[in-house]
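Because the structure is a prediction, the values reported are computed rather than measured. Just so you know, ligand 1 is whichever comes first in the structure, and atom 1 is the first atom listed for that ligand.
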Amino acid sequence: MISINRLFQSIAIVSILLTYGVFGWYYLEQRDQTARLILESIKDNVSEVSYVVSRNLNAQQPVDASRAILDRAVSNSGFIEAIALFDGATSLLTTDPFHSFAPSQLFSFSNEVDEGFVLLEDEGHARGLVRYYMGAQLKQLTLVFFIDHAEIQNYLDITQGGSIWVLGAFPAMLIAALALFVRAWLVIPLQSLRQFAYYHDKVPDRFRVRELESIRYTLNDTFKRLEHEQRTLYDRARLDSLSGLANRHSLQEYVNSLISESSRRSQEFAFLFMDFDNFKAINDSMGHEIGDEVIHEASLLIGTEVRMYDFVARVGGDEFVIVIKSYQSKEELCQIVQRIQSVLSDTPFAGAHKLHIGSSVGIAIYPEDGTDFLSLMKNSDIAMFEAKSQRNSSYHFFSHALNERVQKNISLDKAMRRALLHEEFELYYQPKISLLDGSIEGAEALLRWRRSDGVIIAPGEFIPLAEENGFIVELGDWVINEAVRQLAEWRLRGINLKLSINIATKQLLETEFESKLLAALDEQGISPTQLDLEITEYLFIAQTKHNSRLIERLQQHGFTLSLDDFGTGYSSLSYLKRFNVDQIKIDKVFIDDFQSHSGAIFIDTIVKLGQALHIKIIAEGVETQAQADYLRSVGCHAVQGYLFSKPLPLQSFEDYLVKNHKATLI
Ligand code: C2E
Ligand code: CA
Ligand code: CA
């Protein structure tokens, strides 16, 4: 690529070379022309003088008589130095005694004087012939015209000096003027235009060349547009489009710089992780548009509610981070958090929908709870989950004990998943004994984790986490398949037993639960009537149509449903009317309490209720004969407990069955 300056320099050099080329050629042509004219005049002189001298000699005049002619010819022509008349080598007459010898180089003119400058440079002299008659005899003398070469050169120099001036200097001046013009009007403006394009903050003065001015105008316009686009891109990269708040990226930048500032000044700051309570329900029931509206309005509110020097970012769907830089005490910090939470929950959002937003906040403090962005983010998130597990619209500080618990859960989760792959789970079986005749009327399958080191882990240690993080769905599938497989194996050996399996609420609400369950039974050719599903009352809390239909359908297939842990949860009797279960399992805590007045009343009431609603009552955790006796006396149908058997591994359970000979055929 060539620069403007270079381009114009090259153009100037080329035009100078061209001009001087043309000029040189013209100069040589001109010089030849002049030389030809000089030779022409010498030729005229030669022929005229030769003629006059011949005529004089023919008229019998003495040679001397021609002297005057020769002198006049010499003095008339500046280019002839002398003329001499020779007869062979003998000088007869000369206008200058120094030229009385014939020179060696002589030339005579032909008709054309083409030789021009060549002849003149030749150092030669012109020759004219004088012919006359002496009597009848023709005589021939030679006239030598000594040419003044120096004078001719001089003349040529003078005339050509003029042309050099006219032809040489003028174009040079013209080119120089042109160059100056081009420089002033084009090169310099173009250069400043280039600078403008380069730095673009230094706007050049207006140009006099219209095209340049329009280029500058367009450039200016383009720059403005680019700047705008840059700004939008920058904003887009840093701002969250829905809320207009900072996004995660700029939060990270801000926190990083705040960390270096705070560590220099040994200051702390609070990193708040906020999540709206039950926001998913808003999205699911009212649609994403309303959800977005709420996020937008709530973001604006949070933005105005925090102080100017606090920083708010939206980091996820309904997740926000608020960084609070200055507070006098933790109490003041709590007040700030409470104020934001109560403003959020007091303000109605989404216009006519008048939605109120509860929020849970987790608080991590720099530097004690984290010294970098990611650990602050993680720990405040952990604290937020803790807040969420307590009640709506609460906040919780991060603590190392909390962190330990979470870390333990993380590794437990990994170990659980690995255990499933490595087939470390197995089912134990606990018999259910009829209080009418002491027969084994079924068994409950209870999950155990037999670790590779042989240690057996009870479900209480991992089921709650599996229920919390959803792993229970996979694990529950395994339990179903294993239980059904075992039923099929027993059937081959003539053992027909009703088996109860525990089904977690999450598992039951999973869309494919029913089809997977039926497929597992179908594959092994087992009837649903052989399975009892133990569910907890949590399913009934949300009294949706979907849930009651599911219960109905499962019963239509032939499954029986047992309400597990009865009395420990919400224990609203209303759902017993709505959801028609087959059995109620009274929780161990009430059985333990049977001897107290209230405990006895509770058991009695439940049994009576069961009788009225035709629901079978089973008691769990029966450990003593007294308990069993009491339960039989009030009319409880069946019991389960250590009094009869602990949950047993397969082999021991089969031994138990054989020993008690009471595996009943259904
Ligand atoms: P659950 O369904 O209420 O099961 C009864 C629990 O009481 C069992 O504990 C059982 O071993 C224990 N138990 C039975 N009789 C007695 C007794 O006389 N005295 C005492 N102290 N305890 C007795 P386990 O096997 O540790 O299971 C605990 C819980 O884990 C179960 O409570 C159930 O909620 C859950 N679970 C077990 N297996 C599964 C499963 O396959 N799926 C699901 N979702 N949960 C399961
Ligand atoms: Ca159970
Ligand atoms: Ca139970």
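Look at Lys378 and Asp381 and you find no salt bridge, because none of the NZ, NE, NH1 or NH2 atoms lies under 4.0 Å from a carboxylate O. Ion pair Asp277/Lys388 flagged as a salt bridge, since at least one NZ, NE, NH1 or NH2 atom sits closer than 4.0 Å to an Asp/Glu carboxylate oxygen.
Residue Glu444 places a heavy atom under 4.0 Å from ligand 1. Under a 4.0 Å heavy-atom criterion, Lys588 is in contact with ligand 1.
Phe653 and Tyr656 have parallel rings, their planes meeting at less than 30° on a 0 to 90° scale where 60° marks the start of perpendicular. The aromatic rings of Phe590 and Phe602 lie parallel to each other, with less than 30° between the two planes, well short of the 60° mark. By the 30° and 60° cut-offs, the orientation of the rings of Phe594 relative to Tyr630 is tilted.
Taking every non-hydrogen atom of Val479 and a distance limit under 4.0 Å, the qualifying atoms of ligand 1 come out as 41 (O). Near Asp565, meaning under 4.0 Å from any of its heavy atoms, are these atoms of ligand 1: 3 (O). Interface of Ala504 with ligand 1, defined as ligand atoms under 4.0 Å from a residue heavy atom, comprises 44 (N). For ligand 1, the atoms lying closer than 4.0 Å to a non-hydrogen atom of Gly641 are 15 (N), 18 (O). Interface of Val622 with ligand 1, defined as ligand atoms under 4.0 Å from a residue heavy atom, comprises 18 (O). Within ligand 1, the atoms closer than 4.0 Å to a non-hydrogen atom of Gln430 are 14 (C), 15 (N), numbered from 1 in the order shown. Ligand-side atoms of ligand 1 in range of Glu623: 17 (C), 18 (O), 19 (N), 20 (C), 21 (N), range being under 4.0 angstrom from any heavy atom.
Atom OD2 is the N, O or S atom of Asp564 at the shortest distance from the Ca ion (ligand 2). Looking only at its N/O/S atoms, Glu534 has OE1 as the one nearest to the Ca ion (ligand 2).
Below 3.5 Å of separation, one finds no N or O of Gln507 facing any N or O of ligand 1. In terms of polar-atom proximity, Asp564 is counted as a contact of ligand 1, with an N or O under 3.5 Å from an N or O of the ligand. Between Leu447 and ligand 1, an N or O atom pair is found at a separation short of 3.5 Å. At least one N/O-N/O distance between Arg448 and ligand 1 falls below 3.5 Å.
Aromatic rings of His400 and Phe398 (six-membered ring for Trp) have centroids within the 6.0 Å cut-off, being under it.
With a 4.0 Å cut-off on non-hydrogen atoms, Lys585 does not touch ligand 1 at all.
For the pair Ile322/Phe311, no side-chain contact is recorded, criterion being any heavy-atom separation below 4.5 Å from C-beta on.
Rounded to 10°, the angle formed at the Ca ion (ligand 2) by Glu444 OE2 and Asn502 OD1 is 90°.
Evaluated by nearest non-hydrogen atom to atom 36 (N) of ligand 1, the leading choice among Pro459, Ser645, Gly476 is Pro459.
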